[in-house]
Protein chains: 2
Amino acid sequence: MNILELLKIHGKETKHRKGEHVFKQGELSKFLYFIHSGLLKAYYMSADGKEYVKSFITAGNSICSLTSAFAGKDCSFSLVCLEDSSLTRIPFSVLVEYGDKFHQVSRQVNDMLLEFSMKKEKREYQFLCLSAEQRYRVLMEEQPEILKQVTQIDIAGYLGITPVALSRIKKRTTVG
Amino acid sequence: MNILELLKIHGKETKHRKGEHVFKQGELSKFLYFIHSGLLKAYYMSADGKEYVKSFITAGNSICSLTSAFAGKDCSFSLVCLEDSSLTRIPFSVLVEYGDKFHQVSRQVNDMLLEFSMKKEKREYQFLCLSAEQRYRVLMEEQPEILKQVTQIDIAGYLGITPVALSRIKKRTTVG
DNA sequence: CTATCGCATTAACTTGGGTTAAGAGTTGTG
DNA sequence: CACAACTCTTAACCCAAGTTAATGCGATAG
């Protein structure tokens, strides 16, 4: 038994149009989502209505709200489709349950968590050690496709700055 | 078999004086460290000699360099003792090996990774959505002991600002 | 075709943080 | 004790980014 087989048995495929939410901040969502196609945005919304982009999720990747799926609390962020998208979701509890019975499932969950942890650590590093301009350069090098698919509003939200500041950075970096 | 027992068999206890490094950026360190007593600092050093504090590690917690222990690369950060400290280290490979044989070990590793992931996600949130001043307030509320034990230089390094900026924030928040 | 809406750019002004440097405690050590 | 090393604060100045607002440019709807 492995995760691929679990997905066939317990997974449910869903399709979403551009603009649709998969889940919203404040709700519960005890699923792990695998993205087959499309593009999604995970984002926080502050009390005063400002949006902060946690991550973009592309085909081949997965996402879940750990605080909801694992810790049982409300989702701290929302997940919305920036393009028409196709996903398969599986209850987190199924992974836990089968993880107890089958080594390989447990091992695969472990690997996913390790990958996830390293990704988060990398982003932490970028916020801690790099300037907004440096973060933009890294994004340009590592995920140039994202820059083409997404508005500057969302890119700015991902970098932790305003669209105005991003426009200035672009001007600086292309001219300079 | 569980991690506590594994620590008794394969763990090695070490004591370190204030100022000593447990491992340094650029080295390999394929261990997971459990802190019994003391206080440690994980930090990045940039090419131009600037220090950025990744985290403070207190008694009862654990730390490892995922990129070194799991991915086999060099450590991207250093680990140094801010106080005399006592740790137990265990090779990451032992956890992997026994994780394959014993469910409970695998489950415990899973739980540790989940805790770690949620911690990182929280820090990501703070950098993305909060100002330096707000991050300082959160630190004051959630880990007031740290503020007493650590220099402002390190606090500032943890918040992603300079000691001068931290001093200004303190003035603003105590007067205002 | 035109009106509207959302996106990107630019300007003007404000603000928070970086940089440098000086001065006032503290701590530690010979 | 005296000196050195370090920490913290404060001031002065600079720059990056936030804010607000105006403009131009598609795309889409009517």
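Since we're looking at a predicted model, the values are computed, not measured. In what follows, chains carry the letters A, B, and so on, assigned in the order in which the sequence lines appear, proteins first and then strands, with residues in each chain numbered from 1. Values below: all heavy atoms of this structure, side chains included; hydrogens, waters and symmetry mates excluded.
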Under 4.0 Å: is that the gap between some side-chain N or O of [X] and OP1 or OP2 of [N]?
{"X": "B/Thr162", "N": "C/dG18", "result": "yes"}
{"X": "A/Lys171", "N": "C/dT9", "result": "no"}
{"X": "B/Arg172", "N": "C/dG17", "result": "yes"}
{"X": "B/Arg168", "N": "D/dA12", "result": "no"}
{"X": "B/Lys18", "N": "C/dG28", "result": "no"}

- Could you please spell out the steps behind the salt bridge (charged side-chain N to carboxylate O under 4.0 Å, His left out) verdict for B/Glu97 and B/Lys101? CA-CA 7 Å; B/Glu97 185 190 327; B/Lys101 289 184 200 144; 3.4 Å; yes

I want to verify a distance call: between [options], whose nearest atom is closest to the [X] side chain?
{"X": "B/Ser167", "options": "C/dG17, D/dT9, D/dA17", "value": "D/dT9"}
{"X": "A/Val164", "options": "D/dA11, D/dT20, C/dA8", "value": "D/dT20"}
{"X": "B/Ala165", "options": "D/dA11, C/dG17, D/dG18", "value": "C/dG17"}

What side-chain donor-acceptor pairs closer than 3.5 Å can you find for residues 70-80 of chain B, not counting sequence neighbours?
residue, atom, partner, partner atom, Å
B/Ser78, OG, B/Gln25, N, 2.9

Expressed in angstrom and rounded to an integer, what is the separation of [X] atom [atom1] from [N] atom [atom2]?
{"X": "A/Leu130", "N": "D/dA17", "atom1": "CG", "atom2": "P", "result": "12 Å"}
{"X": "B/Asp48", "N": "C/dT19", "atom1": "CG", "atom2": "P", "result": "9 Å"}
{"X": "A/Ile169", "N": "D/dC15", "atom1": "CD1", "atom2": "C1'", "result": "13 Å"}
{"X": "A/Gln152", "N": "D/dA17", "atom1": "CD", "atom2": "P", "result": "15 Å"}
{"X": "A/Tyr136", "N": "D/dA16", "atom1": "OH", "atom2": "C1'", "result": "17 Å"}
{"X": "A/Leu166", "N": "D/dA17", "atom1": "CG", "atom2": "C1'", "result": "12 Å"}
{"X": "A/Ile161", "N": "C/dG16", "atom1": "CD1", "atom2": "C1'", "result": "15 Å"}
{"X": "A/Gln134", "N": "D/dA16", "atom1": "CD", "atom2": "C1'", "result": "13 Å"}

- Message: Under 4.0 Å, heavy atoms only, any strand: does A/Ile153 hit a base, just the sugar-phosphate, or nothing?
- Response: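 Counting heavy atoms under 4.0 Å across all strands, the contact made by A/Ile153 is with sugar-phosphate only.
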
- Message: Does A/Thr151 reach a base, just sugar-phosphate, or nothing at all? Heavy atoms under 4.0 Å.
- Response: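 The answer is sugar-phosphate, as A/Thr151 gets under 4.0 Å only of primed atoms, P, OP1 or OP2.
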
- Cationic N near anionic O, under 4.0 Å, A/Glu51 to A/Lys41: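 So A/Glu51 pairs with A/Lys41 through a salt bridge.
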
- Message: Can you confirm if the NZ or CZ of A/Arg89 lies within 45° of the ring axis of A/Tyr33 and under 6.0 Å from the centre of its six-membered ring?
- Response: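 A/Arg89 over A/Tyr33 ring: no.
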
- Starting at the 5' end of DNA chain D, which residue's closest nucleotide do you reach first, B/Pro163 or A/Pro163?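 Its nearest nucleotide being more 5', the pick is B/Pro163.
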
- Message: Please report whether the ring centroid of B/Tyr125 lies less than 6.0 Å from that of A/Tyr44.
- Response: yes

